[in-house]
Amino acid sequence: MTTIKRILVTGGAGFLGSHLCERLVEEGHDVICLDNFFTSQKANVTHLLDHANFELIRHDVTMPVWLEVDQIYNLACPAAPGHYQFNPIKTMKTSILGSINVLGMARRCRARVLQASTSEVYGDPEVHPQPESYRGCVNPIGPRACYDEGKRAAETLFMDYHRMNKLDIRIVRIFNTYGPRMHPFDGRVVSNFIRQALSGEDITIYGDGTQTRSFCYRDDLIEAFIRMMNGSSDFIGPVNIGNPDEFTIRELAELTIELTSAKSNLIHEPLPADDPTRRQPDITLAKKHLDWTPSVPLREGLAKTIEWFRGIDVEEYRPPTPNY
Ligand code: NAD
Ligand code: UDP
């Protein structure tokens with residue numbers, strides 16, 4: 001039987017956060033979703049509002065908040081390059097001040113706290129696939145640094161609170177994850193390609209399309225989150241969570257066209273600065289400590305995501321809200 005816990009999910013209205021809240025509510029936990037709706041829609045969580053064990057708080061994680069909880073999943077942070085570069089200073093504040101605030105809360109409540117870190121801590125990697133022991137190759141002054149360095153600093157804070165205050169922490173490094181409820185205008189490759197294909201627009205491949213990513217379906221990711229949070233204290237991470245099946249961006253474009261039966265053309269646009277050339281997780285640690293491997297292949301997950309995109313009205317999605 002599951003022990004009912006009070007659980008805070010920061011960034012809980014976002015793409016991943018809303019699915020995590022859903023899963024935790026279904027399990028009967030007392031769930032608090034905290035979000036400032038910078039990159040998300042209330043519609044992602046309105047269906048949960050009728051549940052007595054779900055609460056929604058509009059709050060910015062860079063400001064302290066006083067709550068009593070047993071577990072915290074810290075997801076608050078814009079995740080898509082277009083979103084995190086919208087206000088890079090705010091992105092860094094969200095990672096750093098947000099971490100300090102949730103770590104302070106966790107220390108006071110003796111709560112366990114999980115940080116949603118990222119494969120971006122590896123930057124444009126010289127080691128392939130990337131194991132957790134690889135220290136990365138990040139440009140500290142480039143346009144992606146607000147996100148990459150913010151997440152790296154957050155990992156440092158988590159480890160220091162753990163060493164200094166014996167805080168019960170977990171760190172998960174997420175590789176590209178996709179699925180229903182991605183923001184259709186977040187600029188990420190999966191959402192761009194599907195939106196473009198469904199509306200018959202050209203599909204924009206940045207660079208020559210030989211750069212690779214490894215795409216994980218959101219249900220696999222959420223399962224790994226739950227296992228990591230509730231696993232043994234002997235394994236705090238960092239742990240890579242992602243699907244090791246690696247695809248070129250051109251292959252993704254071709255698969256999207258096939259699954260949507262689109263007539264779109266593939267066109268090339270310039271590669272953004274510091275765009276990583278290869279990315280593939282080494283998931284040996286996740287297999288060993290969490291008994292976790294992803295189960296949804298790209299073709300299947302992409303088909304489900306396309307089905308969801310077909311059912312939404314993209315006009316209802318707004319761009320990030322300026323919040324200085
Ligand atoms: P998302 O943009 O849909 O979700 C982020 C949520 O955080 C949004 O609801 C947003 O409004 C909220 N938020 C942003 N700044 C905030 C602030 N200052 N205070 C309160 N809320 C704030 O993105 P996502 O894909 O669901 O990502 C969730 C987490 O997972 C992020 O921390 C991201 O860095 C991490 N991650 C995601 C991926 C991926 O592929 N999806 C990969 C690596 C890491
Ligand atoms: N990309 C692309 N066309 C698009 C959007 C993205 O070719 O319309 C490329 C981008 O340059 C990168 C990859 O797809 O090489 C993944 O981009 P995304 O923004 O989804 O995530 P990243 O892994 O770079 O953070």
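Whatever order the structure lists ligands and atoms in, that order sets their numbers, starting from 1.
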Nearest to [atom], what protein heavy atom do you find, and at what distance?
| atom | result |
| --- | --- |
| atom 24 (O) of ligand 2 | R144 NH2, 2.9 Å |
| atom 17 (O) of ligand 2 | V189 CB, 4.0 Å |
| atom 5 (C) of ligand 2 | Y206 CE1, 3.3 Å |

Measure the acute angle between the ring planes of Y147 and Y84, then classify it against the limits of 30° and 60° as parallel, tilted or perpendicular. parallel
Could you check whether the rings of W308 and Y317 sit parallel, tilted or perpendicular, using 30° and 60° as the cut-offs? perpendicular
Using a 4.0 Å heavy-atom threshold (strictly under), name the region of [X] that reaches ligand 2: side chain, backbone, both or neither.
| X | value |
| --- | --- |
| R213 | side chain |
| R188 | both |
| D275 | side chain |
| E269 | neither |
| R278 | neither |
| I203 | neither |

With a cutoff of 4.0 Å, is [X] in contact with ligand 1, counting heavy atoms of the residue only?
| X | answer |
| --- | --- |
| Y147 | yes |
| H59 | yes |
| D60 | yes |
| R181 | no |
| E120 | no |
| S117 | yes |
| A13 | yes |

Closer than 4.0 Å to some heavy atom of V61 - which atoms of ligand 1 meet that? 17 (C), 18 (N), 19 (N), 20 (C)
